[in-house]
Number of protein chains: 2
Amino acid sequence: MSLDDLKIERAPLSLRGKLVEQLRLAILEGRFAPGERLPESRLCEAFGVSRGLLREAMQQLAAEDLVVNIPHRGPVVASIDQRQAEEIYRVRGVLEGLAAEDFARNASPAQRQRLYDITAELHDLADESRAGERVEVKNRFYETLIEGADNRVVGQFLVQLNNRVSQLRRLSLSVAGRYPETLREIDRIIDAIKAGDATAAREAAEDHVRRATDVILAQFPASSSGEMPDQQKEE
Amino acid sequence: MSLDDLKIERAPLSLRGKLVEQLRLAILEGRFAPGERLPESRLCEAFGVSRGLLREAMQQLAAEDLVVNIPHRGPVVASIDQRQAEEIYRVRGVLEGLAAEDFARNASPAQRQRLYDITAELHDLADESRAGERVEVKNRFYETLIEGADNRVVGQFLVQLNNRVSQLRRLSLSVAGRYPETLREIDRIIDAIKAGDATAAREAAEDHVRRATDVILAQFPASSSGEMPDQQKEE
DNA sequence: CGATATATTATTGTTAGCAATTCAATGACC
DNA sequence: GGTCATTGAATTGCTAACAATAATATATCG
């Protein structure tokens with residue numbers, strides 16, 4: 001009898017690890033609205049874990065800036081204002097530029113081919129009827145880029161920044177009409193990578209983020225004076 | 001009677017907050033060696049807090065990559081290898097470039113003057129006899145740069161990266177003879193800021209980090225094959 | 001001496017409970 | 001009727017003690 005199937009799952013991930021993952025996912029999916037309070041008791045019951053464990057997990061999410069701990073009020077889903085969004089996209093620009101530069105330098109032939117294939121997929125989604133599939137493919141594009149760049153620090157930071165703006169991305173799906181432009185910008189990155197021009201790849205990637213930022217920031221109301229935090233749902 | 005002194009200290013910082021600060025400081029100061037285990041029981045006794053609280057604090061430090069949680073072995077002080085150091089300095093380069101660029105754009109006249117003053121201080125420390133004072137002034141230089149750049153996301157990331165390489169910085173104090181070069185590189189950043197050339201400021205800052213990286217990486221042994229983790233002390 | 005079995009130690013996760021604080025609502029008072 | 005103090009419910013902050021599991025050291029036996 002073969003021994004290959006006897007591998008038992010050795011510590012498939014600590015309970016705390018799973019809890020953090022699920023909590024993070026729930027926030028990223030928008031199952032908790034920004035600004036919504038997250039009372040420990042409710043979450044403990046919902047996830048079936050003890051308070052101590054939940055509080056440990058919450059500290060980690062707080063360190064990722066996904067939740068904010070308000071003293072004696074408890075954790076609240078973080079919501080970002082326009083200024084934070086500007087800062088995040090500015091940083092994301094240079095990090096994505098760095099990732100593109102390193103991809104042009106370090107990526108293996110297989111990784112390059114994979115990126116080209118995904119780019120072709122993106123072109124296939126030019127028709128507006130398939131706009132819904134774009135996000136998933138675009139995510140794979142970034143995953144491949146980061147993997148090929150072979151710099152885990154950049155990868156970790158980019159993922160973290162991306163998580164923080166997940167609310168905005170969800171809302172920005174309605175913005176249409178920019179896709180042809182997006183494709184041209186991505187092609188510029190790919191062309192630079194194919195040419196082995198790491199500097200050009202970096203500039204093209206920075207430029208792509210810069211242009212996309214405008215679309216994101218347009219979501220914010222015309223910056224009125226009164227900053228009313230958006231938390232009315234689910235209460 | 002004046003009302004200015006009546007401000008009571010509202011929540012002077014939760015016990016957990018203080019604990020995290022002290023633990024982080026202890027690691028940054030090198031009071032725990034990289035690779036050293038941090039048993040809960042000992043730390044609880046040392047800091048006089050309960051286990052629950054300590055574990056919450058530890059999760060936050062783990063999220064900052066200052067400690068690593070090994071399943072069923074407990075937290076260990078993170079130690080970085082050459083590859084991680086390269087990645088960190090590469091990211092730090094572009095972030096510091098971004099900070100310099102934004103400083104050239106956004107800093108107030110007072111902030112600019114403060115940066116110039118600190119630069120003058122650095123020049124005053126050219127004599128090798130005062131090498132010990134350089135680190136503190138250099139830290140103030142970066143603090144001022146980040147503050148004037150007015151981008152909290154960049155600031156947070158830079159602080160975090162700096163913390164992660166604190167072990168290396170401590171060891172690199174012995175490297176002498178590069179200070180005149182360092183001053184020239186910093187002057188290039190300052191000149192660009194004075195000229196209002198944000199792009200040049202960015203490039204000068206990136207270049208400065210790039211050159212400093214070589215000195216840091218020289219600390220690593222000539223990458224032998226066997227990767228023996230460095231943990232012998234205090235056991 | 002070497003391999004296995006055992007005992008000890010340490011971490012993981014849970015539960016219960018008390019103190020401290022916040023927030024909302026009730027009621028008193030002008 | 002409106003403002004202010006007080007009460008009370010809800011929630012967090014923190015501690016202590018317990019069971020379960022895995023890693024390590026120790027002892028035992030061949």
Side-chain angles (χ1 to χ4, degrees), chain A residues 6-24 27 32-33 35-63 66-78 228-229 231-235, chain B residues 6-24 27 32-33 35-63 66-78 229 231-232 234-235:
Chain A
L6 294 182
K7 268 191 299 188
I8 56 176
E9 290 210 9
R10 181 79 108 147
L13 194 53
S14 69
L15 189 56
R16 182 181 55 231
K18 279 188 273 191
L19 178 60
V20 170
E21 269 190 3
Q22 294 218 19
L23 272 168
R24 189 192 289 123
I27 294 177
F32 302 115
E36 181 180 347
R37 289 180 61 179
L38 302 173
E40 293 175 356
S41 51
R42 208 163 58 189
L43 293 183
C44 286
E45 197 180 358
F47 289 94
V49 296
S50 68
R51 244 184 68 186
L53 200 54
L54 184 89
R55 287 173 64 86
E56 288 179 28
M58 208 53 89
Q59 285 309 310
Q60 187 161 338
L61 295 182
L66 288 180
V67 303
V68 176
N69 260 315
I70 299 177
H72 292 105
R73 283 212 55 180
V76 169
V77 179
M228 185 146 116
Q231 55 177 114
Q232 65 277 10
K233 283 179 99 172
E234 203 106 319
E235 280 273 342
Chain B
L6 294 182
K7 269 192 294 188
I8 55 176
E9 288 208 12
R10 183 75 113 150
L13 194 50
S14 69
L15 188 57
R16 182 181 58 228
K18 280 188 272 191
L19 178 60
V20 170
E21 270 190 3
Q22 294 217 19
L23 272 168
R24 187 192 289 123
I27 295 176
F32 301 115
E36 181 180 347
R37 289 181 61 179
L38 301 173
E40 292 176 354
S41 51
R42 209 162 57 187
L43 293 183
C44 286
E45 197 180 357
F47 288 94
V49 297
S50 70
R51 253 191 22 160
L53 200 54
L54 184 87
R55 287 172 65 84
E56 289 180 25
M58 206 55 88
Q59 284 311 308
Q60 185 162 337
L61 295 182
L66 289 181
V67 304
V68 176
N69 264 316
I70 301 177
H72 291 104
R73 284 211 55 182
V76 168
V77 179
Q231 53 178 115
Q232 65 277 12
E234 204 106 319
E235 279 272 343

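We name chains A, B, ... by the order of the sequence lines, and we start the count at 1 in each one.
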Closest approach of B:Ala57 to B:Val20 (non-hydrogen atoms, all atoms of both residues): CB-CG2, 3.6 Å

Spacing between A:Leu43 atom CG and D:dT12 atom P, to the nearest angstrom: 9 Å

Heavy-atom closest contact (A:Leu19 atom, A:Leu54 atom, distance): CD2-CA, 3.9 Å

Minimum heavy-atom distance A:Asn69-A:Ala62, with the two atoms named: ND2-CB, 4.0 Å

Atom-pair distance (CZ on A:Phe47; C1' on C:dT14), nearest Å: 18 Å

Protein proximity profile, nucleotides 13-18 of chain D - base contact B, sugar-phosphate-only contact S, no contact -, cut-off 4.0 Å on heavy atoms: BBB---

B:Arg37 CZ to C:dT9 P, straight-line distance once rounded to whole Å: 14 Å

Shortest non-hydrogen contact from A:Val76 toward A:Arg37: CG2-CG, 4.0 Å

A:Gln59 side chain reached by B:Arg16 side chain, heavy atoms, under 4.5 Å: yes

Student check: side-chain heavy atoms of B:Gln60 and B:Arg24 closer than 4.5 Å: yes

Distance in angstrom units between A:Leu38 CG and D:dA10 C1', rounded: 16 Å

